[in-house]
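We're numbering straight along the sequence, starting at 1. Every value quoted in this text rests on a predicted model; they were computed, and no experiment measured them. Every number for a ligand or one of its atoms is a count from 1 in the order of the listing.
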Amino acid sequence: MHNNQFIERTLVILKPDAIQRSLIGEIIKRFEGLGLKFSGIKLILPTSETIERHYTVDPDWRKTTGEKAKKTKEKQGIIMEKQPEEVGEIILSSLKKFMTSGPVVVMVIEGAHAVPLVRKLVGDTEPLTSDVGTIRGDYVFDSYEMADTQERAIRNLIHASSDSDSAKKEIAIWFEEVELLKYTTAQERFIYDVEPKNILR
Ligand code: ADP
Ligand code: MG
C-alpha cells in the first residue's frame, strides 16, 4: 500500500449495552463496510481499574467531561455548584459501574484515517442529538437529561478513540502487541493502490 503515512490505529469498545442488544454484528458491519481492517478483537469483562486507566489516559478527562456536563445543564437552565473535576469524577464512577456490568468487545481498527473515520461512523456522544446515519444516532435514543436524572452513564453503545495519540495509549491498556496481527487485505492491495497491476490477466 502506498499511503503508509496515513495508516493509524484506533481503539473501539462495544459497551455492555451493544452486547445485550445483540448489535455486535450490526456495528462491526459498519466498520467492515467502510473497508477498515481489524488488527485485534476480543470479548472480555473489564475491571474498574482498567476502566479508570482507559478514561484517564487524557489527564484532563475529568475536567473536560465535567465542563461539558455543566454546559449541557446550563442550557437547561440549571447551574451546577460542583467543580468540573468533581462532576467528571461522578461520571467516571457511573462509567465504571456500567462498563463492568457485563462483557464488552474490544477491538483495534487499522487503516488510513482510521481515528476520524471511526468517530464519524460512531457519531456524537449523546444519542438524542447525534446524526441520523451514525451508529449512535441510529441504534439508541439516550439523552444527557435521562442519564442525569438516573445518575448513570449515558448509553451510547460504543467507545472510539478521539485522536491518534490517545488511541496509542488506550490500545496499550487493552492489548499486548503480539495480539495485534499484521496482514494485508484485498482492498489495500487493489483498491487503494495507485497502480493496480494484478486485476487484468
Ligand atoms: P465520547 O465517548 O463520545 O468520547 P466522552 O469522552 O465525553 O464521550 O465521555 C465518555 C463516556 O462517558 C460517554 O461515551 C458516555 O457514556 C459517558 N458520559 C459522558 N458525559 C456524560 C454525562 N454528562 N452524563 C452521563 N454520562 C456521560
Ligand atoms: Mg472520549
Side-chain angles (χ1 to χ4, degrees), residues 8-21 23 27 30-31 46 48 50-109 114-131 133-174:
E8 57 184 7
R9 282 171 171 175
T10 189
L11 183 91
V12 170
I13 305 175
L14 308 188
K15 296 179 177 180
D17 52 341
I19 282 73
Q20 291 307 310
R21 293 190 43 210
L23 287 172
I27 294 170
R30 305 289 289 266
F31 301 129
S48 320
T50 308
I51 297 305
E52 172 151 353
R53 275 178 70 204
H54 169 83
Y55 280 107
T56 56
V57 292
D58 168 12
D60 291 332
W61 185 86
R62 286 182 181 84
K63 189 158 176 269
T64 49
T65 310
E67 274 165 359
K68 218 163 71 172
K70 285 184 73 151
K71 281 209 187 87
T72 312
K73 283 275 183 192
E74 271 168 38
K75 278 189 206 143
Q76 298 160 20
I78 303 161
I79 305 295
M80 292 176 92
E81 301 276 308
K82 291 188 176 77
Q83 290 303 304
E85 287 82 356
E86 208 182 326
V87 177
E89 189 63 44
I90 294 167
I91 296 172
L92 182 60
S93 54
S94 40
L95 271 171
K96 283 182 193 166
K97 198 170 150 196
F98 175 47
M99 295 294 286
T100 60
S101 65
V104 302
V105 174
V106 203
M107 64 190 93
V108 173
I109 296 180
V115 174
L117 282 174
V118 166
R119 287 292 287 202
K120 183 177 78 163
L121 281 184
V122 167
D124 288 340
T125 308
E126 187 194 33
L128 175 69
T129 51
S130 50
D131 289 336
T134 65
I135 299 166
R136 285 168 171 173
D138 284 356
Y139 290 106
V140 60
F141 55 70
D142 205 8
S143 68
Y144 283 124
E145 255 182 304
M146 285 208 291
D148 284 355
T149 47
Q150 297 171 332
E151 289 179 352
R152 57 169 175 76
I154 200 154
R155 306 293 192 252
N156 56 12
L157 303 171
I158 308 176
H159 163 80
S161 308
S162 54
D163 56 82
S164 188
D165 184 51
S166 45
K168 284 190 188 113
K169 293 177 189 156
E170 290 171 11
I171 290 166
I173 293 172
W174 297 93

ask   = Testing Arg53, Arg9, His159 for side-chain hydrogen bond (donor to acceptor under 3.5 Å, both in side chains) with Glu170, which one passes?
value = His159
message = Heavy-atom pairs closer than 4.0 Å: do any link ligand 1 to the side chain of Asn156, the backbone, both, or neither?
response = side chain
ask   = Is any side-chain heavy atom of Phe31 closer than 4.5 Å to a side-chain heavy atom of Leu117?
value = no
inquiry  = I'd like to know if Lys68 contacts ligand 1, where contact means a heavy-atom distance under 4.0 Å to any ligand atom.
reply    = yes
message = Test your reading of the structure: does Tyr55 have an N or O sitting under 3.5 Å from an N or O of ligand 1?
response = no
request  = Assess Arg119 for proximity to ligand 1: is some non-hydrogen atom of it under 4.0 Å away?
outcome  = yes
Atoms in ligand 1 flagged as close to Trp61, the criterion being non-hydrogen separation under 4.0 Å = 6 (O), 9 (O), 10 (C)
key: Which of the ligand 1 atoms, numbered from 1, are nearer than 4.0 Å to a heavy atom of Arg152   = 25 (C)
request  = Compare every heavy atom of Val104 with every heavy atom of Pro46, then report the nearest pair and how far apart it is.
outcome  = CG-CG2, 3.6 Å
query = Can you list the ligand 1 atoms lying under 4.0 Å from a non-hydrogen atom of Tyr144?
reply = 20 (N), 21 (C), 22 (C), 23 (N)
task = Please report the shortest heavy-atom distance between Val115 and Ser161, naming the atom on each side.
result = CG1-O, 3.7 Å
request  = Scan Lys82, Arg62, Lys63 and name whichever one has a salt bridge (charged side-chain N to carboxylate O under 4.0 Å, His left out) with Glu89.
outcome  = Arg62
task = Please identify which atoms of ligand 1 are closer than 4.0 Å to at least one heavy atom of Ala69.
result = 23 (N)
ask   = What is the nearest protein non-hydrogen atom to atom 1 (P) of ligand 1, stated with its residue, atom name and distance?
value = Thr125 OG1, 3.6 Å
inquiry  = Any salt bridge linking Glu67 with Lys71? Criterion: basic side-chain nitrogen under 4.0 Å from a carboxylate oxygen.
reply    = no
ask   = At the 4.0 Å heavy-atom cut-off, does Ala153 count as touching ligand 1?
value = yes
message = Out of all atoms in ligand 1, which are within 4.0 Å of some heavy atom of Lys15? Include the element for each.
response = 13 (C), 14 (O), 16 (O)
inquiry  = Nearest 0.5 Å, please: how far is CD1 in Ile158 from CG in Leu14?
reply    = 6.0 Å
ask   = So which protein heavy atom does atom 12 (O) of ligand 1 come closest to, and at what separation?
value = Leu95 CD1, 3.3 Å
inquiry  = Ile154 versus ligand 1: do any nitrogen or oxygen atoms come within less than 3.5 Å of each other?
reply    = yes
key: Worked verdict on His54 versus Val106 for side chain to side chain contact (heavy atoms under 4.5 Å, CB included)   = CA-CA 12 Å; His54 169 83; Val106 203; over 6 Å; no
note = Between Ser94 and Ala153, the two heavy atoms sitting closest are CB-N, 3.6 Å
query = Purely on distance, is any nitrogen or oxygen of Asp124 under 3.5 Å from one on ligand 1?
reply = no
request  = Find all atoms of ligand 1 within a distance of less than 4.0 Å from any non-hydrogen atom belonging to Asp148, and give their numbers and elements.
outcome  = 24 (N)
inquiry  = Between ligand 1 and Arg136, can you find any atom pair, the residue atom being a heavy atom, that is separated by under 4.0 Å?
reply    = yes
inquiry  = Just by distance, no angles: are the side chains of Thr134 and Asp131 close enough, under 3.5 Å, to form a donor-acceptor pair?
reply    = no
ask   = Is the charged tip of Arg155 near the ring of Phe98: under 6.0 Å from the six-membered ring centre and within 45° of its axis?
value = yes
task = Note the single closest protein heavy atom to atom 27 (C) of ligand 1, along with its residue, its atom name and the distance in Å.
result = Ile91 CG2, 3.7 Å
